Amino acid sequence: MFERARLKLTFFYLLIIMLISSIFSVMIYAGSTNELSRIERVQRIRQQEKSQGLAPSGRIFRIDPEVLEESRSRIRIALIIFNLMILGFSGAAGYFLAGRTLNPIEEMIDEQNKFISGASHELRTPLTALKTSTEVGLREKNLSSAEAKSLLRDNLEEIENLRVLTDKLLRLSQFEKLNGDLPLEVIAVSQILEEAKRRVRTLSKSRSITLDISDSKYKVRAERESLVELMVILFDNAIKYSPKGLTVKVKVEKINNDVAVKITDNGMGISKKNLEHVFERFYRGDKARSKVNANGYGLGLSIAKKIAELYGGSISVQSQEGKGSTFTVLLPNS
Ligand code: ADP
């Protein structure tokens with residue numbers, strides 16, 4: 001598909017260049033043949049004047065008409081060769097440039113296709129579970145009301161999973177659409193961290209994990225709600241992927257012109273193999289998949305990364321398997 005588009009684009013580049021080159025060639029040819037005709041005319045007039053005795057006698061330098069015709073044909077040949085060279089050169093350059101132009105579009109379409117297949121895959125899992133349990137329930141002739149209730153509860157759980165997944169997909173596409181159009185304000189980082197801590201309270205309590213947030217006076221330029229969302233994703237992961245009873249430390253410091261928020265846990269850590277993929281959409285570590293109580297769709301970190309980038313910030317991770325991880329969010333200082 002892209003090869004055809006590339007050839008088409010090359011053809012259009014060539015068409016434009018050859019049109020310009022032909023117009024110039026015609027202008028050059030018309031100009032030079034006009035000049036030769038003028039020389040011919042002047043020669044003829046002088047010849048006539050001489051033969052009528054109007055011009056002073058003497059030798060008139062005369063160019064042979066054949067030489068003039070030969071000059072015309074040489075100009076024609078030179079222009080044709082010049083145009084053929086342009087055709088060859090711009091064909092090769094056009095093909096190369098068309099490739100360069102289409103490259104980002106090809107990457108974007110690849111990315112979109114991966115996103116669609118990832119989303120369909122994740123949506124299929126709860127849908128299949130829902131379908132199976134409903135079919136089993138329908139097939140059961142003597143379904144008691146307790147059994148029916150339990151089946152409905154299971155279905156409700158799967159529906160909730162679907163809601164969470166579609167919410168995340170929507171958030172991701174909303175942030176991608178924004179592309180830097182987020183209204184930013186100056187915000188105290190400490191307020192954001194406290195709000196995020198409040199939102200993960202239920203999970204941290206259930207896993208007896210303490211969130212230890214150090215005092216900070218720094219302010220950043222960001223959008224409040226999405227910054228809280230970013231911190232909630234990182235707190236949520238630190239809690240989910242740590243054994244019960246540990247402490248997650250949150251430190252805020254200044255690095256050059258940025259404010260760095262570092263979230264450190266002593267949980268299961270991330271293997272080297274997984275580390276380079278964790279910010280990709282739908283990527284989940286093998287251990288995360290198998291870990292009970294660590295629900296997820298592999299979308300959290302890609303949403304977090306997108307949010308940080310909307311403020312001109314970034315997010316990175318250092319981790320050692322079995323020892324823990326530190327996620328660092330760099331945000332431009334206000
Ligand atoms: P999810 O948590 O839903 O799987 P994320 O995008 O938030 O998706 O994280 C992607 C993967 O990165 C996780 O599946 C997990 O393997 C790894 N990960 C993220 N945060 C941590 C952490 N604090 N400790 C260990 N692994 C983590």
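Whatever order the structure lists ligands and atoms in, that order sets their numbers, starting from 1. Computed from a predicted structure; not experimentally measured.
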Undergrad: Going by distance only, is there an N or O of Lys168 that falls short of 3.5 Å from an N or O of ligand 1?
TA: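 Not met; the criterion fails.
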
Undergrad: Can any side-chain N or O of Asp258 pair as donor or acceptor with the backbone N or O of Ala260 at less than 3.5 Å?
TA: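 Checked: no pair found.
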
Undergrad: Out of Arg284, Glu280, Arg281, who is nearest to atom 4 (O) of ligand 1 when you count heavy atoms only?
TA: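 Among Arg284, Glu280, Arg281, the closest heavy atom to atom 4 (O) of ligand 1 comes from Arg284.
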
Undergrad: Let me know which of Val228, Ile233, Leu227 forms a side-chain contact (heavy atoms from CB on, under 4.5 Å) with Met231.
TA: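 It is Leu227; the other options fail the test.
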
Undergrad: Among residues two or more places apart or on two chains, list those pairs meeting ring pair (Phe, Tyr, Trp, His ring centres under 6.0 Å) that have a residue in residues 93-145.
TA: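 Checked against ring pair (Phe, Tyr, Trp, His ring centres under 6.0 Å) - neighbours excluded - the pairs reaching residues 93-145 are Phe115-Phe282.
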
Undergrad: Under a 4.0 Å heavy-atom limit, does Ile270 contact ligand 1 with its side chain, its backbone, both, or neither?
TA: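 For Ile270, the contact with ligand 1 is made by the side chain alone.
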
Undergrad: Pairs of nitrogen or oxygen atoms closer than 3.5 Å, one from Gly298 and one from ligand 1: do any exist?
TA: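 Between Gly298 and ligand 1 (N or O atoms, distance only) the closest approach is under 3.5 Å.
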
Undergrad: State, without any angle test, whether Thr101 and Tyr13 hold a side-chain donor-acceptor pair at a distance under 3.5 Å.
TA: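 Per modelled atom types, Thr101 and Tyr13 side chains form a pair under 3.5 Å.
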
Undergrad: Atom 14 (O) of ligand 1: which of Gly300, Gly285, Ser325, Ala304 has the nearest heavy atom?
TA: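 The option holding the nearest heavy atom is Gly285.
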
Undergrad: When you look for heavy atoms under 4.0 Å from ligand 1, do you find them on the side chain of Leu299, its backbone, both, or neither?
TA: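 For Leu299, only backbone atoms sit under 4.0 Å from ligand 1.
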
Undergrad: Compute the shortest N/O to N/O distance between Ile233 and ligand 1 and return yes if it is under 3.5 Å, no if not.
TA: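 In this structure, Ile233 places no N or O atom under 3.5 Å from an N or O of ligand 1.
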
Undergrad: By number and element, which atoms of ligand 1 are closer than 4.0 Å to a non-hydrogen atom of Gly296?
TA: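 With Gly296 as reference, the close atoms of ligand 1 come out as 3 (O).
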
Undergrad: I want to know if ligand 1 touches Ser302 in the polar sense, i.e. an N/O pair below 3.5 angstrom.
TA: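 N/O-N/O distance under 3.5 Å: no.
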
Undergrad: Closer than 4.0 Å to some heavy atom of Tyr283 - which atoms of ligand 1 meet that?
TA: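 Atoms satisfying the 4.0 Å criterion: 10 (C), 11 (C).
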
Undergrad: With a 4.5 Å cut-off on side-chain heavy-atom distances among I, L, V, M, F, W and Y, is there a chain of contacts connecting Leu330 to Leu230?
TA: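 Different hydrophobic clusters.
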
Undergrad: Taking only non-hydrogen atoms of Phe279, do any sit less than 4.0 angstrom from ligand 1?
TA: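 Checking ligand 1 against Phe279, which is what was asked, there is no heavy-atom contact under 4.0 Å.
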
Undergrad: Can Arg198 and Glu194 be counted as an ion pair, charged N to O under 4.0 angstrom?
TA: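 No, Arg198 and Glu194 are not salt-bridged.
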
Undergrad: Only counting residues at least two apart or in another chain, list the ones meeting side-chain contact (heavy atoms from CB on, under 4.5 Å) with His277.
TA: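 For His277 the side-chain contact (heavy atoms from CB on, under 4.5 Å) partners, ignoring immediate neighbours, are Glu280, Tyr283.
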
